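Worksheet: the structure to be examined is printed underneath.
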Amino acid sequence: MQEPRPASSSNNTTRGNGGFQRLRSGWLVATACSLVACASTPDEDSQRRYQASPQYSSAEKRFQNPPNPAAKPHAGGFQIWSRFLFGDKSGTTPLDSIPVNTVTPAQLQALPADANHVIRLGHSSHLLKLQGNYWLIDPVFGERVSPFSFIGPKRFHPTPLPLQDLPPIAGLILSHDHYDHLDEPTIKFLLGKVERYFVPLAVGARLRGMGVEPDRIVELDWWQQQQHAGVQVTATPSQHFSGRTLSDRNSTLWASWVLQTGGQRIYYSGDTGYFPGFKAIGEKFGPMDLALMENGAYDAYWPSVHMTPEETIQAFTDVRGQVLYSVHNSTFALAMHGWREPMDRLAALAQQQGIQLATPEIGEVLTVGQPRSNKRWWEALR
């Protein structure tokens with residue numbers, strides 16, 4: 001499958017209003033990013049391990065997705081950039097304030113230690129309290145998802161708690177190396193405060209380049225797992241791509257994740273298109289008590305690296321999810337669809353099919369396995 005070339009730098013391009021200025025800014029970011037040193041060099045043992053992975057192509061010297069005959073073709077680079085320049089971008093950014101529930105250290109401490117809790121930070125970022133220990137998933141606390149502080153998609157809302165209020169973190173999970181999932185300022189702030197980092201193959205070099213001690217990093221290939229702090233962590237397949245510059249496309253692997261603890265299973269899809277691997281994940285690990293599923297940044301121009309809401313529903317069914325938790329929306333404008341559209345479509349589909357849906361407000365706590373009343377908080381906002 002051939003993904004669209006501009007997508008490798010798509011998370012460096014602001015897709016809000018602004019026409020030529022936005023396009024020019026995107027090119028500046030992409031060009032400058034190609035000059036940024038974003039990773040340390042893997043040692044020879046690591047290189048051999050990467051090359052031995054079934055996900056690695058020795059011929060192309062990069063990671064790749066498994067064959068998927070059903071994958072839809074992407075538009076060409078000229079078409080994608082033309083659409084960014086001339087396409088209708090109205091509605092991609094909210095006019096009203098996104099509701100944010102402030103989270104305090106005292107509230108975190110009060111959450112029962114004999115349960116599993118998930119706190120929405122925004123986009124795909126989550127703070128988890130799993131049987132008393134704190135974990136982070138794809139933490140992005142920065143204002144922009146970009147290699148620079150002055151250019152790139154800007155967040156719609158503040159985080160529900162500041163970085164300095166985070167408790168000590170037992171484990172930090174990364175799905176892949178794109179800027180809206182691997183945020184260098186956040187990683188650098190957390191240096192010395194995270195026991196273990198669980199990442200797909202070769203992403204460890206990114207972290208080492210940001211100052212993370214090598215002995216804290218655990219790199220996993222798909223289907224590999226490790227135990228830490230009472231949690232079994234398994235890297236599972238996804239259909240996506242990687243890269244932080246113009247010259248390192250697919251030099252690192254991408255993954256979804258399964259977390260098992262306290263007799264419960266939490267699935268996180270990461271960024272992904274729809275593919276047959278969801279069924280394999282469900283057969284091996286399902287049912288999932290909670291499934292955090294990508295729902296946003298999709299587009300007909302890049303249909304195999306992000307899912308439409310309809311595909312999200314099918315993927316949720318494939319992994320045998322019990323509660324569908326919508327992620328990857330409501331924080332950054334990363335596509336051409338309206339900012340409310342992913343949730344509107346997903347909520348309608350879930351209601352039609354009798355699926356238990358979770359669309360938490362930013363900062364809301366969801367306790368896995370506990371009843372809750374879901375709120376369509378976005379419907380009254382412009």
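As the structure is a computational prediction, the values presented were derived from the model and not from experiment.
Within the structure, salt bridge (charged side-chain N to carboxylate O under 4.0 Å, His left out) pairs that include any residue of residues 253-281 do not occur (at least two apart or interchain).
Under the rule for a salt bridge (Lys or Arg N to Asp or Glu O under 4.0 Å), the partners of E361 that lie at least two apart in sequence or sit in another chain are K375. Not counting sequence neighbours, the partners of P287 by the side chain to side chain contact (heavy atoms under 4.5 Å, CB included) test are R320, Q322. Annotation: side chain to side chain donor-acceptor pair (under 3.5 Å) contacts of T234 (sequence neighbours excluded): Q225. Remark: D299 pairs with R83 by the side chain to side chain donor-acceptor pair (under 3.5 Å) rule, at least two apart or across chains. Legend: residues meeting salt bridge (Lys or Arg N to Asp or Glu O under 4.0 Å) with E219, ordered by chain and number and at least two apart, are absent. Applying the side chain to side chain contact (heavy atoms under 4.5 Å, CB included) criterion to D183, with sequence neighbours excluded, gives V140, P185, T186. For P162, the side chain to side chain contact (heavy atoms under 4.5 Å, CB included) partners at least two apart in sequence or on another chain are Q164, D165. Not counting sequence neighbours, the partners of D45 by the side chain to side chain contact (heavy atoms under 4.5 Å, CB included) test are D43, R48. In this structure, Q64 has no side chain to side chain donor-acceptor pair (under 3.5 Å) partners at least two apart in sequence or on a different chain. Residues satisfying the side chain to side chain donor-acceptor pair (under 3.5 Å) criterion with W222, sequence neighbours excluded, are absent altogether.
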Would you mind writing out the side-chain donor-acceptor pairs for residues 108-121 within the sub-3.5 Å range, not counting sequence neighbours?
from, atom 1, to, atom 2, distance (Å)
N116, OD1, Q131, N, 3.3
N116, OD1, Q131, NE2, 3.0
N116, ND2, T261, O, 3.2
N116, ND2, Q264, OE1, 2.8
H117, ND1, T367, OG1, 2.9
H117, NE2, P112, O, 2.8
R120, NH1, P360, O, 2.8
R120, NH2, N329, O, 3.1
R120, NH2, N329, OD1, 2.8

